[in-house]
A.B. asks: 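Here you go, one structure.
Note that these values count all heavy atoms, side chains included, but never hydrogens, waters or copies made by symmetry. Chain naming here is simple, since letters A, B, ... match the order of the sequence lines and numbering starts at 1 in each.
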Amino acid sequence: MSSSRRQYPFHLIEPKWQQAWEQQQAFRAFNPGETVPVGHPFGIRHGLSGKVADRKSLPEKYYILDMFPYPSGAGLHVGHPEGYTATDILARYRRACGLNVLHPMGWDSFGLPAEQYAVKTGQHPRVTTEANITNFTRQIKSLGFSYDWSRELATTDVEYFKWTQWIFLKLYNSWFNPATNKAEPIEALKFPADCTTEEKKRAYRDSKRLAYVSEAPVNWCPELGTVLANEEVIDGKSEVGGFPVIRKPMRQWMLRITAYAEKLLADLDTIDWSDSLKEMQRNWIGRSEGAEVTFEVVETPNNFKNISQSGVQFAPPFRITVFTTRPDTLFGATYMVLSPEHKLVGVITTAEQQQAVEDYKKFAAGKSDLERTELAKEKSGVFTGAYAINPVNSEKIPIWIADYVLASYGTGAIMAVPAHDERDWEFAKKFSLRIIPVVMPPIGWLKEHQPDEWRELHAKESDSSTEESLWNGYFKLGNTFKAAYTETGSAIRSKNDEVSLNTLPTLEAKAKISAWLEEKGLGKKTINYKLRDWLFSRQRYWGEPFPIIWKKDAAGNLYHEALPESALPLLPPTLEDYKPTTGGEPPLARAKDWLNLPDGSVRETNTMPQWAGSCWYYLRYTDAKNSTAFVGKDADNYWMASNGKAAGVDLYVGGTEHAVLHLLYARFWHKVLFDLGYVTTPEPFYKLVNQGLILGEDGQKMSKSRGNVVNPDDVLVEYGADAFRLYEMFMGPLQDTKPWNTKGVEGVYRFLGRAWRLFVDEKSETAYEQAEALAGSFTAENAEKHKELLDLILLDGGITDMDATPAQLKTLHACIKKVTEDLDGMRFNTAISAMMVFINEAMTWQTKPLSVMKTFLQLLAPFAPHIAEELWARLHSTFGLQATSLAYAPWPKYDPALLVESEIEMPVQVNGKFRDTIKVAVDADNATIEAAAKASEKVQVFTTGKAIKKVIIVPKRMVNLIVG
RNA sequence: GCCGGUGUGGCGAAAUGGCAGACGCACAGGACUUAAAAUCCUGGGACCCUAAAAAGUCGUGCGGGUUCAAGUCCCGCCACCGGCACCA
């Protein structure tokens, strides 16, 4: 900590204004139907003081949102305020522009750390969570953000998670109707004819619900004691903590997000997000178009064991359906591969291969996800002993199993075309399977991969040979590919009695064979997605309990049933022991009283993941106190409804880490709520910006272990909130990754000091300092006294009520223009540099016009609101003006006429090289400009004795003389 | 491997196809001071020449191209960052 003198008394100014804003509720946003208190600055600005704000009288809305933080014990990190400052600047700017700005903050407060702390100490997670929220609130408030704190929420609030549970019930009680392409209530779903019993009806509905129970291999993390969603597993390790994750079959709740794959993908085109983020979501959804093709398995004397699986009897003939994106290569399919988990494996395997197949299945099942990725280089698999018939050429092809075919994608089975697929190629090479090329590559491909063959062919052929004749020669010589050719090309050797693909380019070949397959009932066009359903239950204590109970039917089988809405909120039980169990039994199961209901049914003991609460918090902010609905119609209509192009949240700022987690989940929930008619827009976040990572001073990612973490509290003590805010924005473009530099904070701090000294009287400041020294350092107790001291500082006599000179006006209006345009484009760093330019210029003025200085404070206010408010208030009282709130003062407009120069400098080039500048009248004609350029001595050095061949004049820009 | 992004002084960074390096940091020199800090003023891409300057040459990851003119547009590479990764 330096002992240097403060640039200005930010330690008095900042608490003073934060308190004033809070008392006045200055940044409260008003909903339609609310009464605007008399004297509220918003009401004064918009003529609504003391009136009920109906939708027509309210100005246009602007909803600007931060990703709410998880209130960790470590407190605020410098990365949090980066996004928060950006949104705060824009919120303040839009307010000044006259919009009704909704800018809320809250807490994503369910989560693992509080629970782990509870396991260690026995302290209830609610206690630590509340303490952390208190600390976060203090830190965030000390930065002077203009949040509407009346809308604060926490996902752990009973009044909040009641509605999270309510939305879950909506998911549970809905299904996706492909005919109408939207979610509908499950009661409206018609039963098929064979649903004759209650059990069958129940099973049918359960198979359609958007929230359903599935018994399948899931991601189990033993260290965390819970299952995880696919999105939470990175390279076989948990996203939180980096612990190993294994596959384990468990009964879990799933959300049918795959029903929305197409909408989630298509609607990306309607929203304004960065390309990279949209691309991440597109990749995650992973749409691919192709066809399903059915192959019949050949019956041999020693295969086809008559086995029943999950109660379903299997009987021949057996058919295997595969998914392929290249149906045009079907003639090149020389074998098939099933995933080891494929349900037909046990049925078709021959006696001879029985043991090998069993061993391989065990081997594959024993691999963790991590091992599977690491071993990906080497293909493995075994022959089942069975064969299938290729439907296009009746060839008998062997059926293998291999773990490079995934059970969870497509149909869990493939046709292998080794000539045209990298993976099939490797597998075929390893196990000496046939390779038949059926797509003709460009001849250049042969030159690259098989130069010897290429030379041989070229030697034989004439110059006029076509690629086709070269390839014909190639195959005639008995050559075959030495690598897989996976691109498109013309089909070859793809012909049977009914259909020929030969000579067709890939796209047409695909269409032709698909049509033929469809006609024959052998296949159909299909679209597949990589996206899997969302695993939605966790074996944890600190999460929303599911509003579900389990009952037994007449046969003694368990079935689930939803609680009625009237039973909400369903509170979790109090526990002594929050520990997860090793077997995957949730901690809630320990609470026997809570678990067992009088009628013999039991409660669901899993809880929802942390993402549940963050899936809809942005909706709750619009109507945070509503006790009869998760959000009221009017509130949703006003804050989320379409206005021109924008819909939903107008601007959402947060980190990239949520690209395929929160941002995908929230879009999914929103679309369901939209389909069911509860919200008015199909997308929640119209525009989204990712702030870049702030690195440590050493250029490395900030982390405790590296010891390079910057604590905002420390920066605030030394430089104040305004300097902190300004620095975070001055570092560089918001979206960029950039390193922290404490010297840089000093730079903007000095800028604020220069701005301060432009206004205040140096002598009175000295008097204040002496008084402050006597009064002792600033504490909460002597805050009032210090505030009085602050009043000792008087304005500088250099500010006068005179007219501004044209030069001064020009400086000011250039600044207004730049700052306004940069705010619209979210270029905060260059906006700040424009204000620095203004201050550097204003420092040279003998006298400073009041009007100019007032306007400058308005420009500064969104960035450094405390110092701006203080100086604004002082200017008004000193000059006896009516005190108004700076926060709602109308944003200044620049006058283009003032920026017009009478004389301008133009660069002169000779042969494209800059040589001199000339001064000409702004409206000078080309002849005058040319003459002035030629008259320049520096230019003449390069033109004398040479002919000027051409003169290029771009008015108001430059002159270029071309000499020969 | 595939997709997306980024490459500009010692550092963070600016530049509607038109004077590259605004603004800030660090640095150097000066003023003020007994001294320091703070503040204020001045300087600055590299090279070459010079006592100093002027003038000149080169310069936005590398190689080409379009253009009177390219950091900016086009083609081909390289490096780094982020995401996905046996998805048929």
A.B. asks: When you get a sec, tell me which of B:C3, B:C25, B:C19 is the closest nucleotide to the side chain of A:Arg750?
C.D. replies: B:C25

A.B. asks: Can you tell me how the ring of A:Phe724 sits relative to the ring of A:Trp740, calling it parallel under 30°, perpendicular over 60° and tilted otherwise?
C.D. replies: tilted

A.B. asks: Taking the six-membered ring of A:Phe295 as reference, does the NZ or CZ atom of A:Arg319 fall below 6.0 Å from its centre and within a 45° cone about the axis?
C.D. replies: no

A.B. asks: Considering just the side-chain nitrogens and oxygens of A:Arg757, establish if one lies under 4.0 Å of OP1 or OP2 belonging to B:C40.
C.D. replies: yes

A.B. asks: For atom P, what is the distance between B:G7 and B:G29, given to the nearest Å?
C.D. replies: 35 Å

A.B. asks: Would one find a side-chain N or O of A:Arg754 under 4.0 angstrom from OP1 or OP2 of B:A38?
C.D. replies: no

A.B. asks: Just label B:G9 as syn or anti from its O4'-C1'-N9-C4 or O4'-C1'-N1-C2 angle, using within 90° of 0 for syn.
C.D. replies: syn

A.B. asks: In terms of relative ring orientation, are A:Trp445 and A:His449 parallel, tilted or perpendicular, with 30° and 60° separating the classes?
C.D. replies: tilted

A.B. asks: One thing to verify: whether A:Lys848 and A:Asp796 come together as a salt bridge, which I'm taking to mean a side-chain N less than 4.0 angstrom from a carboxylate O.
C.D. replies: yes

A.B. asks: Among B:G4, B:A85, B:A13, which is the nearest nucleotide to the side chain of A:Trp284?
C.D. replies: B:A85

A.B. asks: Would you say B:A88 has OP1 or OP2 under 4.0 Å from some side-chain N or O of A:Ser288?
C.D. replies: yes

A.B. asks: So does A:Tyr409 get a side-chain nitrogen or oxygen closer than 4.0 Å to the phosphate oxygens (OP1/OP2) of B:A88?
C.D. replies: yes

A.B. asks: Relative to A:Trp273, does A:Arg667 satisfy both conditions: NZ or CZ under 6.0 angstrom from the six-membered ring centre, and within 45 degrees of the ring's axis?
C.D. replies: yes

A.B. asks: Nearest-nucleotide wise, let me know which of A:Ser408 and A:Gly912 is further upstream toward the 5' end of RNA chain B.
C.D. replies: A:Gly912

A.B. asks: Among the candidates B:C19, B:G4, B:A88, find the nucleotide nearest to the side-chain atoms of A:Thr917.
C.D. replies: B:C19

A.B. asks: Regarding A:Lys379 and the six-membered ring of A:Phe427, is the cationic atom NZ or CZ under 6.0 Å from the ring centre and inside 45° of its axis?
C.D. replies: no

A.B. asks: Counting any heavy atom closer than 4.0 Å, what does A:Phe942 reach on the DNA or RNA strands: base, sugar-phosphate only, or nothing?
C.D. replies: sugar-phosphate

A.B. asks: Tell me which residues in residues 811-833 of chain A put a heavy atom below 4.0 Å from RNA chain B, sorted by number, or none.
C.D. replies: A:Asn829, A:Thr830, A:Ser833

A.B. asks: Considering only the C1' atoms, how many Å lie between B:A38 and B:G71, rounded to the nearest integer?
C.D. replies: 39 Å

A.B. asks: Which of the following nucleotides, B:C19, B:G83, B:C40, is nearest to the side chain of A:Phe914?
C.D. replies: B:C19

A.B. asks: Of all the nucleotides listed (B:U57, B:C68, B:C23), which has the minimum atom distance to the side chain of A:Met836?
C.D. replies: B:C23

A.B. asks: Please figure out whether A:Gly732 or A:Lys950 has its closest RNA chain B nucleotide nearer the 5' end.
C.D. replies: A:Gly732

A.B. asks: Check if the side chain of A:Asn283 and the base of B:C84 share a donor-acceptor pair of N or O atoms closer than 3.5 Å.
C.D. replies: no

A.B. asks: Using a strict cut-off of less than 4.0 Å between a Lys/Arg side-chain nitrogen and an Asp/Glu carboxylate oxygen, indicate whether A:Asp269 and A:Arg282 qualify as a salt bridge.
C.D. replies: yes

A.B. asks: Where each pair must be Watson-Crick or G-U wobble with both distances under 3.5 Å, what dot-bracket representation of RNA chain B is obtained, with crossing pairs in [ ] and other-strand partners as |?
C.D. replies: (((((((..(((.....[....))).(((((.......))))).(((........)))..(((((..]....))))))))))))....

A.B. asks: Can you tell me, in whole Å, how much space there is between the C1' of B:U66 and that of B:U8?
C.D. replies: 23 Å

A.B. asks: Rounded to whole angstrom, note down the P distance from B:A14 over to B:G64.
C.D. replies: 29 Å

A.B. asks: Taking the same atom, P, in B:A15 and in B:U72, what whole-Å distance lies between them?
C.D. replies: 15 Å

A.B. asks: Between B:C86, B:U39, B:C23, which nucleotide has the shortest distance from any of its atoms to the side chain of A:Gln7?
C.D. replies: B:U39

A.B. asks: Over 60° means perpendicular and under 30° means parallel, so classify the ring planes of A:Tyr360 and A:Phe363, tilted if in between.
C.D. replies: tilted

A.B. asks: Mind checking the P distance from B:C25 to B:U39? Whole angstroms is fine.
C.D. replies: 10 Å

A.B. asks: Does OP1 or OP2 of B:G24 have a side-chain N or O of A:Asn840 closer than 4.0 Å?
C.D. replies: yes

A.B. asks: Return the nearest nucleotide to the side chain of A:Lys530; candidates are B:C84, B:A13, B:C19.
C.D. replies: B:C84

A.B. asks: Can you tell me how far P in B:G65 sits from the matching atom in B:A51, rounded to whole Å?
C.D. replies: 41 Å

A.B. asks: Under 6.0 Å between ring centres: does that hold for A:Tyr404 and A:Trp425?
C.D. replies: no

A.B. asks: Has A:Arg827 got a side-chain atom pairing as donor or acceptor with A:Glu821's backbone, closer than 3.5 angstrom?
C.D. replies: yes

A.B. asks: Of all residues at least two apart in sequence or in a different chain, which pass the salt bridge (Lys or Arg N to Asp or Glu O under 4.0 Å) check with A:Arg287?
C.D. replies: A:Glu262, A:Glu289

A.B. asks: Write down the distance separating the P atoms in B:G9 and B:C32, rounded off to the nearest Å.
C.D. replies: 38 Å

